[in-house]
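What follows is one structure encoded as structure tokens, with my remarks underneath.
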Amino acid sequence: MELCTQEEDSVQGTAATENSRIQIHFQQGTAFVWRAEDARRTREEHGLVGNLVGALVRKPRQNTRLGLPLQLLPEEARLLLEIGAAQLVHHGSSADKTYDVDEKESYAQFLHQSYEEQWKLALQEKKRTLEGLSERIVEGRSKRKRQRIDQNEEPMELSSQGPIKELLNLEQTFHFPKEAMMVQIPTAQLHTGNVEEVDIQENKSEWPYLDKENHETRYKVFSDLWQKGYYLTSGGKFGGDFLVYPGDPMRFHAHYIAICFSQAEDIALSDIITAGRLGTNVKKTVLLCSLDREGHVTYTSLQWSGL
Amino acid sequence: MLSPAELFAARSREQSIPQRSHGQKDFLPDGSRTQEEKLQICRAEQWELLTEERVERLGSLGRGVWKPEEELVELTLPAGKFWQNMGFTEGGRQCLLPEEAVYLLECGSIQLFYRDLPMSVQEAYQKLLSAGRVRLLHYQVYSHLKRLGYIVTRFDPSSIQLPYERQINLERRAGSSRKRKRSPTRPRLETQNESDTSGSNSREESNSSKPKRPPYPEPVTSCAPKPITFEHDVLENIKVEEKAKNTSPLHTKETDCDKETVKSPRDYRWDFSKICFPNCANDQPCLNLPDPEPALLPDNVVGRQVDISPWMRRLNLRPEKFSRREQEQWDWEQKYKVSINADPKVKKCSNWREYKKVLEEREHQRHRERPAHLWASTVGPLLTPGRVTSTASVLEQLTVIGQSTLLEDGKRLQDSQDNPQIDFNLFQADGNSEYKKSKPGKPCAYLCVRSFDEPIPTLRAMKSLAHQSGDVPVVFALVDCGEIAFYTFKDLQLPVDIYP
């Protein structure tokens, strides 16, 4: 038990020191948030939505509601990093080499203690239920006894006062098999010791977006709309770059479909018509977004109108 | 890590997920209290679900050990129900592929260990999905489909049927007890020819000069000489060389030294004009099969004369009855199609070489008949006389750009390296699916996993994939930042409104 609390303390301790920054874990060019608390803060403190991609703990075999990890758009991750709200961490392969025997032992110990503890808890629960039911048990037994006496017509003393016999030596007879013990499959990594912080400017291999031609425009547009208080999600399913919501997407529908273009780019008329028609059909306004020479974002909206 | 008390308490925690029914979404945030409250409820629900940790009864958990050098997870406890459609056995061990292990871990069905320590889901993502064929992108598609209830297996290029195997409807794995679909009905023309010849067989010569298919190309192995002995039975007058008498032609085919005889069939060709074939059609009331020449029979076989009339009575000799469609087809063929065998010149040919010679001559003849000013220059008429048999064929010859289907040219385009590859087989897992791990059968789709940033596959790539997949549809799974959309390309044949 002691060890367990110690471990808890240490986990909480590291959490407290790192509380100021959300941890974004990087894997094959994908940004994940693994801790529920970080996911909450991403949304509530910073107004960034992300996308849950894991199986929901409570009901893992369905797709309507998903669980951790929270996958961030590259723009969301970069924004969090640039405003200093998050740190990008990477699990180096070096972590594999330091193999801790102590860790293994402490895990075995923890399992053992957890079992002992759960045994006690199960015992208490059993005791409580038995106590709660003892009156009825006693009642039922005496009834049966009386019936037997009636049949045999043998006078017998009714000695069923006080606690029932099961309750007396419960601790000796109580059986709590090891299989009945509950174990946890942790979602986020528990040992945060072997993470290394990554600077995206220096590690282009970790952050493949910097070189992508559209990324800069997308990022500028994203952060500009975000600063204006909008919520944004990925707009792929509507043929755009982002979907723009006036409030949290949980409670509001998207108003705009943002499509990013570089300013020098020629846009085919057919593309504009396609975008406009699509936007009208889903009752959203299409925003054509690009950067001017000073780096400010300019928006052009398309409206479907009769002559 | 959860404390024992928390773990114990998790036994009786909520099992159902809250239904998101907090009214319609609003149009604009107006700063009102009701809106704020609704949002808070939604968010609270969300965080409640997300903070929940996986807690399972130890007894109901499988147990696997991650072996990075082999890229598999070895199960150290006997597998559970998931073994029905996941995992494989290797060297007596029950194993899981990395994606299967991560999925089962996410579902709370197994515990994963690495260096004797339990892995978190995060560690499993980082370790199991960073090497090998199935990466993060693929896993997202895999787990999405698994959660939907499909059976998903890795695609193995060797499992695919060759186009020829598909054509002859060959089931790959032998020993199947499953009901097999009846092979597609044979081409009608062939059966008609059979009935044709049997009908006109009464005239002896009709069969005589026809290049009868020699019996030896049949690659039947041991007890094959049956049809040949039958012919020996009936023939009375044969000009066969000694060699051909003793060794059945079949064996000559098999042994290389006798190849020569195959090449020049003329040497021991039978004179069919003198051979009487028994006709068992119902227009022949009775027929006696004469006593076979004893010299042609093996030593231990006694030949005798047979009256086949009692057999005839037992045969089902009902005339073939056509359905309306078959009748139409037959009528049409009678009208437009001419049997090559009716041609007297062709009849005179006794082997393929002669027949081909006749064809060549005719081709020459045709060219000679054509006026030179039309046909000799590089620009000529679009239609070739003689090849015009129907309106459809005229139009077909006139088309400059023909229609192409996805399945065409696939073989030629296959060697390209940058083609998208099929990643997964998809099987339905409902009641009528016949999926078995040992005999998966035909998948309901093949899956190609692509990232949203990748370009649309080219027609070339599509054709190559279609060639590989045959009649199983290829589905593209596009992953856009964790969201998955499925697309298929379908062949469209423009209708041709001409009959026939």
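So you know, we letter chains A, B, ... as the sequences are listed, proteins then strands, and number each from 1.
Annotation: maximal heavy-atom pairing with chain A below 4.5 Å, among B/E53, B/Q35, B/Q15, occurs at B/E53. Between chain B and the residues A/T233, A/T187, A/L66, the most heavy-atom pairs under 4.5 angstrom are made by A/T187. The choice from A/N51, A/L56, A/N63 that makes the most heavy-atom pairs within less than 4.5 Å of chain B is A/N63. Your options are A/L70, A/V53, A/V57, and the one with the most heavy-atom pairs under 4.5 Å with chain B is A/V57. With chain A as the partner, the residue from B/S143, B/S120, B/G59, B/S130 showing the most heavy-atom pairs under 4.5 Å is B/S120. Here A/S114 is the residue among A/G247, A/G67, A/S114 with the most heavy-atom pairs under 4.5 Å with chain B. In terms of heavy-atom pairs under 4.5 Å with chain A, the best-connected choice from B/S60, B/A485, B/C481 is B/C481. Highest contact tally toward chain B, considering only A/A39, A/P60, A/A31, is held by A/P60 [criterion: heavy-atom pairs under 4.5 Å]. Counting heavy-atom pairs closer than 4.5 Å to chain A, the top residue among B/L112, B/L136, B/L478 is B/L136. No other option in A/R251, A/H253, A/R40 has as many heavy-atom pairs under 4.5 Å with chain B as A/R251. Highest contact tally toward chain A, considering only B/V55, B/D26, B/L58, is held by B/D26 [criterion: heavy-atom pairs under 4.5 Å]. Contact count against chain A (heavy-atom pairs under 4.5 Å) is highest for B/K38 among B/K38, B/R13, B/Q111.
In summary, the aromatic rings of A/H215 and A/F222 are positioned with their centroids too far apart to meet the 6.0 Å limit. Residues A/F176 and A/Y115 bring their aromatic ring centres within 6.0 Å. In this structure, A/H255 has its ring center at least 6.0 angstrom away from the ring center of A/Y230. Between B/F486 and B/F476, a ring centre-to-centre spacing not shorter than 6.0 Å is recorded. Ring centroids of B/Y150 and B/F427 are separated by 6.0 Å or more, keeping the two rings apart.
Looking only at distances, a side-chain donor or acceptor of A/Q184 sits under 3.5 Å from a matching main-chain atom of B/L2.
Only the side chain of B/Q140 comes within contact range of chain A, with heavy atoms under 4.5 Å apart. Of the atoms belonging to B/Y125, heavy atoms from both backbone and side chain fall under 4.5 Å from chain A. The contact between B/F27 and chain A is made by backbone and side chain atoms together, counting heavy-atom distances below 4.5 Å. Contact annotation for A/P177: neither backbone nor side-chain heavy atoms come within less than 4.5 Å of a heavy atom of chain B. Interface remark: B/E483 contributes backbone and side-chain atoms alike to the contact with chain A (heavy atom separation under 4.5 Å). With a 4.5 Å cut-off on non-hydrogen atoms, A/A108 does not touch chain B at all. Using a 4.5 Å cut-off between heavy atoms, B/L61 contacts chain A through its side chain alone, with no backbone atom that close. Both the backbone and the side chain of A/E44 come within contact range of chain B, each with at least one heavy atom under 4.5 Å from a heavy atom of that chain. Heavy atoms closer than 4.5 Å to chain A are found in both the backbone and the side chain of B/A5. With a threshold of 4.5 angstrom between heavy atoms, A/L52 approaches chain B through side-chain atoms but not through N, CA, C or O.
Side-chain atoms of A/R35 and B/T51 include no donor-acceptor pair closer than 3.5 Å. With 3.5 Å as the limit, one finds a donor-acceptor pair spanning the side chains of A/T64 and A/Q62. In this model, a donor atom of one side chain and an acceptor atom of the other lie less than 3.5 Å apart for B/S3 and B/E6.
Taking the six-membered ring where the residue is Trp, B/Y446 and B/F155 present perpendicular rings, their angle passing 60° and hence far from 30°.
A salt bridge links B/R154 with B/E99; the closest basic N to acidic carboxylate O contact falls under 4.0 Å. Ion pairing of A/E216 with A/R78 is present here, as a side-chain N (NZ or NE/NH1/NH2) and a carboxylate O approach within less than 4.0 Å.
In this structure, B/K437 forms a cation-pi arrangement with B/W83, its terminal cationic atom sitting closer than 6.0 Å to the ring centre and no more than 45° off the ring axis.
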